[in-house]
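Inspection log for the structure reproduced underneath, given as structure tokens.
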Number of protein chains: 2
Amino acid sequence: MPINTVFEALSHPVRREVLSRLKAGPMSAGELAGHFELSKPTLSAHFAKLRDAELVTVERQGTSLIYHLNLSVLEDALKGLLDLTEKKP
Amino acid sequence: MPINTVFEALSHPVRREVLSRLKAGPMSAGELAGHFELSKPTLSAHFAKLRDAELVTVERQGTSLIYHLNLSVLEDALKGLLDLTEKKP
DNA sequence: CTCTTATTTCGTTGTTTCTCTAATTAGAGT
DNA sequence: ACTCTAATTAGAGAAACAACGAAATAAGAG
């Protein structure tokens with residue numbers, strides 16, 4: 001959960017869009033993957049980076065894996081960026 | 001200035017620290033480079049990415065190049081991240 | 001015009017990222 | 001046990017990244 005891992009995870013547009021879709025609510029890996037024109041293994045790799053950064057959490061439901069957005073880490077990133085704009089640290 | 005370029009630029013810790021230092025005020029490339037244990041060519045490449053993303057602007061003063069933080073693009077990134085946390089849009 | 005200073009560009013090397021297909025694991029149902 | 005679906009892991013290749021030393025460029029001083 002080093003902040004560097006978080007920013008690295010946020011650097012790819014596909015991963016940011018995954019987060020954006022999860023904003024609406026938890027979703028399975030397959031359903032998420034259906035929104036992209038990429039192979040499932042490719043998406044799975046993106047999911048792994050998001051998990052590494054703890055930007056998402058995962059929960060198994062039967063054969064499906066349900067991904068959840070982790071707001072708190074996203075807020076850490078937000079704070080990190082805000083620190084770059086504030087004059088006062 | 002596509003937002004993707006901005007996030008990509010923000011993904012490296014050295015570049016974020018460069019921005020952080022510029023927060024205090026404009027600074028020359030050499031002075032900036034002095035704060036890192038990296039060669040000048042390496043730093044120059046990082047500066048180029050920041051320029052590409054328009055996160056910094058540059059101004060020549062004699063033989064020196066003075067880098068300035070560009071808050072407005074940083075705010076765009078901030079807004080992009082905020083969009084990932086908000087429930088409403 | 002030459003010399004010095006400041007910074008970037010060039011050429012190279014090793015590492016990481018992104019993508020794919022093919023093979024594998026995990027769970028549920030028959 | 002077998003089979004289906006869901007998802008990940010393994011393996012491979014192209015492209016991009018990050019780092020360096022050496023050479024090139026730009027601007028001012030003498």
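The chains referred to below are lettered A, B, ... by the order of the sequence lines, with proteins before strands, and numbering in each begins at 1.
- Judged as a side-chain contact (heavy atoms from CB on, under 4.5 Å), and not counting sequence neighbours, A:Ser44 has no contacts.
- A:Ser39 meets the side chain to side chain donor-acceptor pair (under 3.5 Å) test with A:Thr42; sequence neighbours excluded.
- No donor-acceptor pair closer than 3.5 Å links the side chain of B:Arg51 to the backbone N or O of B:Ala53.
- Looking at residues two or more places apart in sequence or on another chain, you find a side chain to side chain donor-acceptor pair (under 3.5 Å) between A:Asn70 and A:Ser72.
- Sorted by first and then second residue, the ring pair (Phe, Tyr, Trp, His ring centres under 6.0 Å) pairs with a member in residues 51-79 of chain A read A:Phe47-A:Tyr67; sequence neighbours excluded.
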Output a table of donor-acceptor pairs, distance under 3.5 Å, between side-chain atoms of residues 5-14 of chain B and any protein atom two or more places apart or on a different chain; print 'none' if there are none.
unit_1  : atom_1 : unit_2  : atom_2 : d
B:Ser11 : OG     : B:Glu8  : O      : 2.7
B:His12 : ND1    : B:Val14 : N      : 3.0

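- Between atom CG of residue A:Leu81 and atom CG of residue A:Asp76 there is a gap of 11.5 Å, rounded to the nearest 0.5 Å.
- Taking a heavy-atom distance under 4.0 Å as the criterion, the stretch of DNA chain D touched by chain B extends 5' to 3' from D:dC17 to D:dG28.
- Here salt bridge (Lys or Arg N to Asp or Glu O under 4.0 Å) pairs that include residues 11-21 of chain A, with residues two or more places apart or in two chains, are A:Glu17-A:Arg21.
- Taking side-chain N and O atoms only, B:Ser28 has a distance below 4.0 Å to OP1 or OP2 of C:dT7.
- Within residues 51-63 of chain B, the residues approaching DNA chain D are B:Arg60, B:Gly62, B:Thr63, by heavy-atom distance under 4.0 Å.
- Of all heavy-atom pairs spanning B:Leu69 and A:Leu84, the tightest one is CD2-O, 3.8 Å.
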Side-chain donor-acceptor distances from residues 24-36 of chain A under 3.5 Å, at least two apart:
unit_1  : atom_1 : unit_2  : atom_2 : d
A:Ser28 : OG     : A:Glu31 : N      : 3.1
A:His35 : ND1    : A:Glu31 : O      : 3.1

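- For the side-chain contact (heavy atoms from CB on, under 4.5 Å) test, residues two or more places apart in sequence or in another chain that qualify with B:Gln61 are B:Glu59, B:Ile66.
- DNA chain C is contacted by B:Lys40, B:Pro41, B:Ser44, B:Phe47 of residues 36-49 of chain B, taking any non-hydrogen atom closer than 4.0 Å.
- Of the residues in residues 4-19 of chain B, those lying under 4.0 Å from DNA chain D by heavy-atom distance are B:Glu8, B:His12, B:Arg15.
- At distances below 3.5 Å, at least one donor-acceptor pair connects side-chain atoms of B:Lys23 with backbone N or O atoms of A:Asp83.
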